[in-house]
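All values below come from the heavy atoms of this structure, side chains included, with hydrogens, waters and symmetry mates left out.
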Amino acid sequence: MSNKYQEFSGLNLPSIEQAILAKWSESQAFEKSVELRNGATPFVFYEGPPSANGMPGIHHVISRTLKDLVCRYKTMQGFQVKRKGGWDTHGLPVELQVEKELGITKEDIGKKISIEEYNQKCRETVLRYKDKWDELTRKMGYWVDLNDPYITFDNKYIESLWWLLKKLYDKGLLYESVSIQPYSPAAGTGLSSHELNQPGTYKDVKDTSAVVMFKAVKDAALTGSNWYKSIDFSGLQSDELFFMAWTTTPWTLPSNLGLTVGPNIDYVLVKTFNPYTHLPVNVILAKALLGKYFKPEGENGDFAGYKEGEKLLPWTIVASFKGKDIEGCRYEQLLPYEANSLEAIKSITPSADPFRIISGDFVTTEDGTGIVHTAPAFGADDYKVGKKFDIGILTLVDRQGRFVEGLGEFSSRYVKNYKDDADYVDVNVDISVKLKKENRAFKVEKYEHSYPHCWRTDKPILYYPLDAWFIKTTDLKDRMVELNKTINWKPKSTGEGRFGNWLENMVDWNLSRSRYWGTPLPVWRTEDGEEELCIGSVAELTEAFDKATAAGYNKDVKGIVDLHKPFVDDITLLSASGKPMKRVPDLVDVWFDSGAMPYAQWHFPFENKEIFAQNYPADFIAEGVDQTRGWFYTLHALGSLIKEDVHEELKKAGIAVNDTKYPGLAYKAVVSNGLVLDKNGNKMSKRLGNVVNPFETIDTFGADATRWYLITNASPWDNLKFDIEGIKEVQRKFFGTLYNTYQFFVLYANVDGFAFTEKYIPLEERPEIDRWILSSLNTLIKKVTLYMNDYEPTMAGRAIETFVDEHLSNWYVRLCRRRFWKGEYEQDKISAYQTLYECLETLVKLMAPVSPFFSDAVFCQLNAVTKRFNGGSIHHADFPVANEAAIDTDLEERMQLAQDTSSLVLSLRKKVNIKVRQPLQKILIPVLNPEMKAQLEKVADLITSEVNVKEIQYLTETEGIISKKVKPNFKVLGNKLGAKMKAVSAAVNNFTQHEIAEIEKAGKIALSVDGEEIVLNLNEVDITAEDIPGWSVANKGTLTVALDITLTDELKKEGNAREFVNRIQNIRKESGFELTDRIFVQVLDNALLRDSLTDFKNYICAEILADNLEYVSELQGGIEIEVNDTLLNVSVNKKG
RNA sequence: UGAUGCUUAGCUCAGCUGGUUAGAGCAGGUGCCUUAUACGCACAAGGUCAUCGGUUCAAAUCCGAUAGCAUCAACCA
């Protein structure tokens, strides 16, 4: 083992990473990092399963970086973090891809290709890019266990899902019902929301819309109501009242069963004329929408003189009332036929009580009339409100999109032109015409709106009642809302806002999908639907199967091999009464697959109950924000739904269960990261060609730089504008700086043989600057730990960046350089080495979670010499813990003061064009209080050497020398004075130097504002030194610095000497001399510089390691150099 | 259409419970190679804090409206 630190041969992150990757795999570093924490408190992480049927993109890198860094951090903190990987394998995208590749459509399945072959194809396709995913996982340094991943198509996985479904079924939480879903009559199929979200499905179309009039029935409820009694019928056109409702789909009118009003919306009764029939009518509509139908100039118009053809409708408001006042009123059916007779309605829904005014919150006064025509079969809202008020349901359109028989002249007509019939006559127009004629239409017009179309047939879809299976999530709503409050959401607003609202407005989970490749719903049913059986395990199925087989069924079925279609569909089971049962055709939503992963990944409850018990719930999960209503929801919903069953199973296994440990929560903390956009803020898409290839990025810039960039550029939950330039900057600025600092350390540590073998020098024996950087370092540890615990890696990373750049590299190392190469190897030097070593070692540990490669490389190279840590990788080490005793805030403050002072002096020098190499005599600093002076005195040496001045002069008694500025301390005074603040502020700003001196001396001053005497105390104003007349002054905050720019001959000479040294050093370097080579120098005598060189000869010789400096009158082969505008001939030679 | 979030320098981002010179980095500008680093350092310049209104002595910050962008949900009379 070498006792020399290994130097990097240039900063090449990708090649460093390759070496580290090789080492990791050879030493099984990941596995070891988990094993080392055996017996430690587990920190549970769930991997959201990616789908490997597509290529991974850069957005996967950010979410996986986030997951990885949390897991690595927690591991370093002493937790055991197992990370079981997983693959999402079912679902529509897989099917669509297979169909595309085979060139088939859904209709061909079961015809051109058997379901068995089709599903086989899906199974093959689904892990197509697994290799690519594995490669990315490896290269980006994502530590996840891919040796034993959960795979959602696995029989065991499906069996766990069946167990869950059975539990829900037994509790009555799994039920079949009708739901209103997008349906394409042209294609004869329901559409998933995914299909509805394909680009181009929403098109602007012009449809015939109608405002129709429903005639109120004067029954007891109506005439007995308060609002009816309030109407003065003497002024009315007639005693007929009409409710006006608007529709863009007149074909739904025969199926009308109710009218919905907003309970708190204001409605009015208006007397007027029907613009088509010109008959006098009284209509009811929302007050806010009057303007849509009536012109202001028609109000209280000439009723008597109104005749046909008159453009202006006279109208008068007769009465006003709220929606809730008319709730329950009845109206006459608009278009009565056989098919929608009350008998027909009752035959479907015996309890139905249709043709009433009902109320719903979804009603708005944005458009229409504020009264919504309600046909429960053809709208989700309609269905819901219809069900609530039990008005029945009529589906007078068949699955081809045709009216059913029994609708008179409309029977059998297509409600939209689904067949591309050139002679198609729009039935909506005919219905409108009929209503016009019957004095039942008030306004008919073409209305343009966007309407969804089937992506396959391009025909308009309609909303249609279809059978579907649901999970009754609404039953558990309160629990889910309560539990959500205990989840640590990052960012918080997503949990409270987006997710919280989603929970508040939750509807039952529509679970079923009419597809082929997915988890089958384990429900078997007799043909008449009377008997049903839900299967909860393979054992149950086997038993039932055997029973049915014994009864003579399943002759051609081999047995239970695969829980997918078509195999399970071939299985016939026997009902309790001995009838055959077939499986219902539905599959379950793939979101159920992923939401069930906490259980199914361990094949719970069939196996691994102890493992499950230790790994539930998750301490942390992270995915894209698009998963809020996806995975985050399904995990949460299932956690709530299945709580008691989980308790029961764990108890059975003798595992202690309580609500604190298993509250029915699937995860305790969740980070939802934003999207990755291109550098212009556009979404990345293949079409635009702005997709960033993660492999290229990592190969070119390294995973560390990429990860660091992704994490520090923006908070994970903000959208990230991905710009390659940003990665380059990170590489240069951050990794470059750290690299140089390491190389610097190694350069000298190798010379001196520093191996941290000397005993740790106590802080109080170290110089100020060492104590300062160690104080800052420990402050940094505190900050980083706090941020990391709060899932704020961005803040953590930025804090590390600042430390490396501003504190360590550009202050500590810069100021301490001499200590490393000058002098003997004794206490001060060792102190410097120990300090810098500690900084480097701690830093790489702090950054290890985010940049796992470079940190490990540096750490191992440091450790190879010092062997302070007994282990193979930084990821096996413990995260640094801050040493409070090392933190000295006063010290950090005064070092800041030194940095600020230096910066001000440099600024002044630049202003007057005097370079730093030219020494100056002094700077003046007005000190406002003794503390400030004391602080400055401690760092005076640092400042003077840094800015090359001889001394600092402190100004305490300042009246007359410097001019001061005073301003009110708004925070303090604002509270005290309130409204008088403005006047006082003006007065204070006008203080003379004398008044400022007075308040400083007396500690208070009285002033008269608006005739009132107000006493100001010293602590209520901020006094700063602003200017020193005749001096060059700069200030920052309360710090003011003046620079004496007088150049005496002495100073000039010294400046020349320094310039000369600089030139000689350059020559040394150019000549390739070793650092320790002694030289001798000859200078061709020059009158202008002679004094400078003689006076500072000793200094010069010491600096340039010259044994002698000779003045000669003649010089051959010399080099011409320029020293402050004077040319000089010198020769520099190595000695010996 | 709704919910949520965002809008601060040319670009990427800070700015805590309101307090008076709104901060960094990059790019651009100027100047600097003192034995770590020119892939660097220093300095200076860059702003109607999206717009309008309100609350307040005081608003980038709190409230309301508008516009634009984004995500999700929906598109319904």
Pairwise 5' ranking along RNA chain B for A/K910 and A/S903, keeping only the more 5' one: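 Going by which nucleotide is closer to the 5' end, it is A/K910.
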RNA chain B: 5'-proximal contact among A/L906 and A/K967 (nearest heavy atom):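 Mapping each residue to its closest nucleotide by heavy atoms, the 5'-most match is A/K967.
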By the 4.0 Å heavy-atom rule, please label [X] as base, sugar-phosphate, or nothing.
X      : answer
A/E729 : sugar-phosphate
A/K733 : sugar-phosphate
A/F499 : nothing
A/R817 : base
A/G974 : base

B/G53: pairing nucleotide in any strand, Watson-Crick or G-U under 3.5 angstrom: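 B/C63 is the nucleotide pairing with B/G53.
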B/G25 - base-pair partner by Watson-Crick or wobble geometry, distances under 3.5 Å: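 Pairing partner, where one exists within any strand: B/C11.
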Output field: ring centroids A/Y837/A/Y742 closer than 6.0 Å: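 No, too far apart.
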Name the closest nucleotide to the [X] side chain, picking from [options].
X       : options             : result
A/S907  : B/G19, B/C76, B/C43 : B/C43
A/R732  : B/A58, B/A14, B/G40 : B/G40
A/N1062 : B/U34, B/A36, B/A27 : B/U34
A/R1058 : B/U34, B/A36, B/A14 : B/U34

Under 3.5 Å side-chain donor-acceptor pair for A/Y739 and A/Q743: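 Yes.
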Syn/anti state for B/G46 [syn: chi within 90° of 0]: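 Chi for B/G46 falls in the syn range.
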Mutual orientation of the aromatic rings belonging to A/H373 and A/F214 [parallel < 30°, tilted 30-60°, perpendicular > 60°]: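 A/H373 and A/F214: parallel rings.
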Check: A/Y709 main-chain N/O paired with A/E729 side-chain donor or acceptor under 3.5 Å: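 Looks like no, no N/O pair under 3.5 Å.
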Whole-Å distance separating the CH2 atom of A/W708 from the P atom of B/U12: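 From A/W708 CH2 to B/U12 P: 22 Å.
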Nearest heavy-atom neighbours spanning A/F243 and A/I284: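 Reported closest heavy-atom pair: CE2-CD1, 3.5 Å.
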Phosphate OP1/OP2 of B/C75: any A/Y463 side-chain N/O under 4.0 Å: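 For B/C75, OP1 or OP2 has a side-chain N or O of A/Y463 closer than 4.0 Å.
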